[in-house]
Structures are given as structure tokens and as C-alpha cells.
Amino acid sequence: MKAKIGRSVLELVEGDITEQRVDAIVNAANEGLRGGGGVDGAIHRAGGPEIMAECRRIGRCPTGSAVITTGGQLPARHVIHAVGPVWRDGAHGEPNLLAGAYRSSLQLAEEHNLRTIAFPSISTGVYGYPIDRAARVALRTVADYLKGDTRVELVRFVLFGRSAYDVYVQALQELADRDEAIQLVS
Ligand code: APR
């Protein structure tokens, strides 16, 4: 599914983020940038040790923000490591922190002149954020960003498995129904 927002495209696909040929893929990282399972494990395995070496030099990244490294051997030139919140009950600032992880990633991409960026569904694996709620926050944050003055041309959400994809499709449809700046194109 695709939507046009301003001059940019927001796209949803089902797939593996490590295979994306874009300027940057986003990692669902932890504050210590130590690596882990899920997307994080897959990115470090596919990209090789250069990525971890840079993460060690950077050190830490607070929840709700992001840092950038090389893409190592990945098809993507860069990895943006974003740290989403651990879900507690939704009353501990989780939506704002999740929005912050997406917004910081987009700002970093902008600062580095990157035009195409792929996101996973941050926080919805090990960190336990309910995916329907996370999808609404993620899509609204990205859509609002793309309405502004940006050189980012493409934001692709790469959803792991059919059920995650379906949740994002539903959320994007609902968002587009209420916001005429979001034009579904396919
Ligand atoms: N491509 C795209 N999405 C993937 C991939 C992949 N190769 N592998 C897993 N996913 C999906 C998961 O299905 C989930 O919906 O990414 C989403 C995020 O899950 P996690 O990777 O567990 O990330 P998160 O919930 O943010 O937890 C972060 O987990 O791996 C550790 O170091 C990481 O401590 C950090 C924590």
C-alpha cells in the first residue's frame, strides 16, 4: 500500500528490513546500542562487525532518540539506530517516546541528506508495545513529518509477516480517511 503526502511517498510492504536498498534502514535498538535479537540481531548479522564497532564508539542513545552509523555490508548505506520505549501500560509516556524515535530518525536522515528510509515496527517485538497502537503512532508521526518542509522522498515501513502488515494497512486507511493530506495511491 502506498500514500502520497506532500511531495513524498509513504509505503507499506511486508518483508525483511535487512534486504532494503534505501539510503538508510532504521534499527529497533536499545539504549546501550549493544545489539540483541529481532531486527537488531538481523541487522548486525547481515551488516557485519563495522556497525557494532561504530555503535561502541557512540556509546549510548536515550529512549525516544536515534543515532546513525554505516550500513556495513548491507544494501543500505546507513543504519539509523532508534530506541523505542518498553511498553508498560501506556501511561508512562510511551506514545511520545515512540513518536520521538521516529521523528529523530527522520531528522537524522534529513541532516545527512538521505532521501529514502525504511523503518521496522519499532517497540512491537521484545519491547511489547501493542502493534495496533504502535502503528497509529508511527504512521501519524511520519505523515505529520512528511507534510512539512522535507527532502525525504520515501518512507517505507517494512513489516515482518502478514499480520503486522495488515495492522499497518488498517491504520493507514483510518488515518487517510480522516486526513485529506494523505492520498492513498494503491
Ligand atoms: N525485518 C523487519 N522487521 C523485523 C525483522 C526483520 N528482519 N525481524 C523482526 N522484525 C519485527 C518484529 O516482528 C517486531 O514487530 O520488528 C518488530 C520490532 O521487534 P524487535 O526487533 O523485538 O524490537 P523492539 O520491540 O523495539 O525491541 C527492541 O529488542 O532486539 C532487542 O536490542 C533490541 O533491546 C532491543 C529490543
Side-chain angles (χ1 to χ4, degrees), residues 1 10-49 51-56 58-69 71-90 92-106 108 116-139 141-142 154-172:
M1 177 182 256
L10 190 167
E11 184 179 30
L12 308 180
V13 303
E14 182 187 341
D16 180 342
I17 200 157
T18 63
E19 295 169 3
Q20 305 299 311
R21 198 167 289 282
V22 284
D23 294 336
I25 63 170
V26 176
N27 182 17
N30 52 62
E31 287 193 331
L33 303 173
R34 293 181 308 275
V39 190
D40 205 352
I43 287 175
H44 285 288
R45 270 195 306 279
I51 301 176
M52 184 50 79
E54 251 188 82
C55 283
R56 287 212 187 87
I58 296 166
R60 291 185 66 75
C61 177
T63 300
S65 62
V67 298
I68 188 165
T69 67
Q73 290 151 34
L74 290 166
R77 278 196 290 136
H78 297 277
V79 177
I80 292 172
H81 304 263
V83 183
V86 176
W87 175 262
R88 290 166 73 184
D89 56 6
H92 288 80
E94 293 94 330
N96 280 338
L97 291 165
L98 186 61
Y102 282 98
R103 218 176 291 115
S104 307
S105 300
L106 290 161
L108 262 183
T116 58
I117 174 166
F119 281 101
S121 178
I122 298 171
S123 281
T124 61
V126 175
Y127 281 0
Y129 207 121
I131 190 163
D132 53 332
R133 296 191 192 211
R136 287 200 291 269
V137 172
L139 292 169
T141 304
V142 169
L154 171 73
V155 175
R156 179 183 294 152
F157 280 86
V158 182
L159 291 324
F160 205 54
R162 185 73 202 185
S163 65
Y165 176 75
D166 288 344
V167 171
Y168 272 72
V169 165
Q170 168 91 26
L172 183 55

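We count ligands from 1, going down the list as the structure has it; atoms in each ligand are counted the same way.
- The nearest heavy-atom contact from the protein to atom 22 (O) of ligand 1 is Val126 N, 2.8 Å.
- Using a 4.5 Å cut-off on side-chain heavy atoms (C-beta onward), Cys55 and His44 make contact.
- A distance of 7.5 Å separates OG1 of Thr18 from CD1 of Ile43, quoted to the nearest 0.5 Å.
- The Asp16 neighbourhood of ligand 1 comprises atoms 1 (N), 6 (C), 7 (N), with distances under 4.0 Å to a heavy atom of that residue.
- Here the side chains of Tyr129 and Pro95 are in contact, with some heavy-atom distance below 4.5 Å.
- For atom 32 (O) of ligand 1, the closest heavy atom belonging to the protein is Asp40 OD2, 2.6 Å.
- Nearest to atom 9 (C) of ligand 1 by heavy-atom distance, out of Tyr129, Phe160, Phe119, Phe157, is Phe160.
- Taking a 4.0 Å cut-off on heavy atoms, Gly84 fails to register as neighbouring ligand 1.
- Looking at atom 16 (O) of ligand 1, its nearest protein heavy atom turns out to be Val39 CG2, 3.1 Å.
- Ala164 does not count as a contact of ligand 1, since none of its heavy atoms falls under 4.0 Å from the ligand.
- Less than 4.0 angstrom separates some heavy atom of Gly37 from each of these atoms of ligand 1: 30 (O), 31 (C).
- The protein atom (non-hydrogen) at minimum distance from atom 26 (O) of ligand 1 is Ser123 N, 2.8 Å.
- Here the rule is side-chain contact (heavy atoms from CB on, under 4.5 Å) with Val158, and of Leu12, Ile17, Asp16 only Ile17 fits it.
- Every atom of ligand 1 is numbered from 1 in the order shown, and the set under 4.0 Å from a heavy atom of Asn30 is 32 (O), 33 (C), 34 (O), 35 (C).
- The closest side-chain heavy-atom distance from Tyr127 to Ile122 is not below 4.5 Å.
- To the nearest 0.5 Å, atom CD1 of residue Ile117 and atom NE2 of residue His78 are 11.0 Å apart.
- Of all the atoms in ligand 1, the ones that sit under 4.0 Å from a non-hydrogen atom of Gly36 are 30 (O), 32 (O).
- Residue contacts with ligand 1 do not include Gly41, since none of its heavy atoms lies under 4.0 Å from the ligand.
- At the shortest separation from atom 25 (O) of ligand 1 among protein heavy atoms lies Gly125 N, 2.8 Å.
- Under a 3.5 Å cut-off, the side chain of Glu94 and the backbone N or O of Asp89 do form a donor-acceptor pair.
- A 4.5 Å side-chain heavy-atom check between Thr69 and Leu33 finds every atom pair outside the cut-off.
- At the shortest separation from atom 1 (N) of ligand 1 among protein heavy atoms lies Ile17 N, 3.0 Å.
- Closest protein heavy atom to atom 35 (C) of ligand 1: Tyr127 OH, 3.6 Å.
- At least one heavy atom of Thr124 lies less than 4.0 angstrom from ligand 1.
- In this comparison of Ala28, Ala82, Ser121, Gly32, the heavy atom closest to atom 28 (C) of ligand 1 sits on Ala28.
- Cys61 is not listed as a side-chain neighbour of His81, based on a closest heavy-atom distance of 4.5 Å or more.
- Looking only at distances, a side-chain donor or acceptor of Glu31 sits under 3.5 Å from a matching main-chain atom of Thr63.
- In this structure, Tyr102 and Val137 have side chains that are not in contact, with every pair of non-hydrogen atoms separated by 4.5 Å or more.
- Listed by number with element, the atoms of ligand 1 under 4.0 Å from a non-hydrogen atom of Gly35 are 32 (O).
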